[in-house]
Amino acid sequence: MSYTANEQRYADMKYNRCGNSGLLLPAISLGLWHNFGGKDVFENGRAMTRRAFDLGITHFDIANNYGPPYGSAEENFGKILKLDMAPYRDELIISTKAGYDMWAGPYGNFGSKKYMVASLDQSLKRLGLDYVDIYYHHRPDPNTPIEETMAALDLLVRQGKALYVGLSNYNAEQTAAASKVLKELGTPCLIHQPSYSIIDRWIEGGLQDVLSEEGIGTIGFLPLAQGVLTNKYLTGIPTDSRAAGHSIFLNEDSISEKKINIAIQLQEIAAQRGQSLAQMALAWVLRGGKVTSALIGASRVSQIEENVAALQNLEFTSEELARIDAISLDK
């Protein structure tokens, strides 16, 4: 059955300006880290993409090695773009990244110009696109001069293979240095993608200040702390969850008793706000306008619907914020 997008898709979504740029991003973006790979059900990923766009989510975030296997999330998303989203390409923000392990040998990792250029060429083929909207360096490279990696990003923009560039997992000092080089090259950094949630607040220790000073937008990944800030683990780890499976990124050790206790206390505040824990956690990340977009993952359509509904209540009282701080900052 052919897909026609919801005519009211822009009615309720909130869009935020990304740093010092002309680009607006949806307050909720969809990441394809999990559940879009070659071992996943294609039609489920397709249904989630359609529903996300129908709800006003225009930004879809991938990386070269998302899967498993590596590259398969881009391949599957490329199929979805061809089948359903091709008429809407100019309404979409599609991002991909390079920086982690992708192929064998000395040129398939980190941040050399050789790797960065080759990786995006491969990504574009898998996606079936002429360009991506945002291309990220996925992590700092301790052995490659930052000037080389940033020059690669600049080159790819000038070649028309990316419209904007971004950084991910860079700390405050690294971000400031990279931003300086990019500005000198004439391709300013658009956006930074760090982990950020109620229980992972490291960016508040200096990175947020740098991003504000440099005019760089922020898209926080893991805003739900890999499911900890949902109702999924409040009574234990379900046998059908990723934490109980074979994921190298999430396992039972990731779901600590301390984190669960924090989630249980936060759940009480969320209930008083008339929100689910996940909805409050997303609203908290977006509070005050410092974060441009919260990057969610999903395994089914209903999760996307629940998360987007968080935008109905983004305001916090000073008392609520103080209670959340007392719970999440308790050492």
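Residue numbers start at 1 and run along the sequence shown. Only heavy atoms go into these numbers, but all of them, side chains included; no hydrogens, no water, no symmetry mates.
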Has [X] got a side-chain atom pairing as donor or acceptor with [Y]'s backbone, closer than 3.5 angstrom?
| X | Y | answer |
| --- | --- | --- |
| Ser179 | Thr175 | no |
| Gln267 | Ala263 | no |
| Asp154 | Leu182 | no |
| Ser212 | Asp209 | no |
| Arg17 | Asn20 | no |
| Asn44 | Ser299 | yes |
| Arg273 | Asn313 | yes |
| Asp84 | Tyr3 | no |
| Ser72 | Gly38 | yes |
| Ser328 | Ile324 | yes |

In terms of hydrophobic clusters joined by side-chain contacts under 4.5 Å, are [X] and [Y] together?
| X | Y | value |
| --- | --- | --- |
| Val181 | Phe110 | no |
| Val117 | Tyr136 | yes |
| Val210 | Ile191 | no |
| Phe221 | Tyr135 | yes |
| Val41 | Phe60 | no |

Separation of [Y] [atom2] from [X] [atom1] (nearest 0.5 Å):
| X | Y | atom1 | atom2 | answer |
| --- | --- | --- | --- | --- |
| Asn76 | Arg126 | CG | CZ | 11.5 Å |
| Glu75 | Ile80 | CD | CD1 | 12.0 Å |
| Met116 | Leu153 | CE | CG | 4.5 Å |
| Met280 | Gln272 | CE | CD | 9.5 Å |
| Ser112 | Asp141 | OG | CG | 7.5 Å |
| Lys14 | Leu24 | NZ | CG | 10.5 Å |

Query raised in the report: Which is it for Ser276 and Glu306 under the side-chain contact (heavy atoms from CB on, under 4.5 Å) test, yes or no, and what are the steps along the way?
Result: CA-CA 8 Å; Ser276 68; Glu306 177 188 356; 2.6 Å; yes
Is any side-chain heavy atom of [Y] closer than 4.5 Å to one of [X]?
| X | Y | answer |
| --- | --- | --- |
| Tyr115 | Thr144 | no |
| Leu190 | Cys18 | yes |
| Ser197 | Leu229 | yes |
| Gln279 | Asn307 | no |
| Leu32 | Asp61 | no |
| Met102 | Asn109 | no |
| Leu120 | Thr96 | yes |
| Leu163 | Asp133 | yes |

How close do [X] and [Y] get, heavy atom to heavy atom, and via which atoms?
| X | Y | result |
| --- | --- | --- |
| Ala178 | Met150 | CB-SD, 3.7 Å |
| Ala310 | Leu282 | CB-CB, 4.1 Å |
| Ile219 | Pro194 | O-CD, 3.3 Å |
| Leu30 | Ile57 | N-CG2, 3.8 Å |
| Leu127 | Ile62 | CD2-CD1, 3.6 Å |
| Thr58 | Pro26 | OG1-CD, 3.3 Å |

May I ask you to establish whether [X] and [Y] are in a cation-pi arrangement, using a distance under 6.0 Å from NZ or CZ to the six-membered ring centre and at most 45° from the ring axis?
| X | Y | answer |
| --- | --- | --- |
| Arg323 | Phe316 | no |
| Arg139 | Tyr170 | no |
| Arg50 | Tyr88 | no |

Query raised in the report: Would one find more than 12 heavy atoms of other residues, nucleotides or ligands at under 6.0 Å from atom CZ of Phe42?
Result: yes
Query raised in the report: Has Glu173 got more than 12 heavy atoms of other residues, nucleotides or ligands less than 6.0 Å from its CD?
Result: no
Query raised in the report: Is there any salt bridge (charged side-chain N to carboxylate O under 4.0 Å, His left out) pair reaching into residues 182-204, and which pairs are they, with sequence neighbours excluded?
Result: Lys180-Glu184, Lys183-Glu214, Arg201-Glu204, Arg201-Asp325, Glu204-Arg287
Requested in this report: List the steps and the verdict of side-chain contact (heavy atoms from CB on, under 4.5 Å) for Arg46 and Glu43.
Outcome: CA-CA 5 Å; Arg46 187 181 181 188; Glu43 288 299 330; 3.3 Å; yes
Query raised in the report: Run the side-chain hydrogen bond (donor to acceptor under 3.5 Å, both in side chains) check on Ser95 and His59 step by step: do they pass?
Result: CA-CA 8 Å; Ser95 60; His59 181 206; 3.1 Å; yes
Check: [X]/[Y] side-chain N/O donor and acceptor closer than 3.5 Å:
| X | Y | value |
| --- | --- | --- |
| Thr218 | Thr292 | no |
| Asn169 | Gln174 | no |
| Ser119 | Asn64 | yes |

Please work out whether the ring planes of [X] and [Y] are parallel, tilted or perpendicular, with thresholds of 30° and 60°.
| X | Y | result |
| --- | --- | --- |
| Tyr100 | His138 | perpendicular |
| Tyr10 | Tyr15 | tilted |
| Tyr196 | Trp284 | tilted |

Query - Qualifying residue for side-chain hydrogen bond (donor to acceptor under 3.5 Å, both in side chains) with Tyr66, from Lys97, Glu74, His34 - result: Lys97
Query - SB check Asp121 Lys161 (cutoff 4.0 Å) - result: yes
Report task. Salt-bridge test for Asp130 and Arg89: reply yes if a basic N is under 4.0 Å from a carboxylate O, no otherwise. Result -> no
Requested in this report: Any chance you could lay out the side-chain contact (heavy atoms from CB on, under 4.5 Å) test for Ile94 and Phe77, step after step, and finish with the verdict?
Outcome: CA-CA 10 Å; Ile94 299 170; Phe77 193 62; 4.1 Å; yes
Requested in this report: Might you work through the side-chain contact (heavy atoms from CB on, under 4.5 Å) test for Ile93 and Ile134, ending with a clear yes or no?
Outcome: CA-CA 8 Å; Ile93 300 297; Ile134 306 171; 3.9 Å; yes
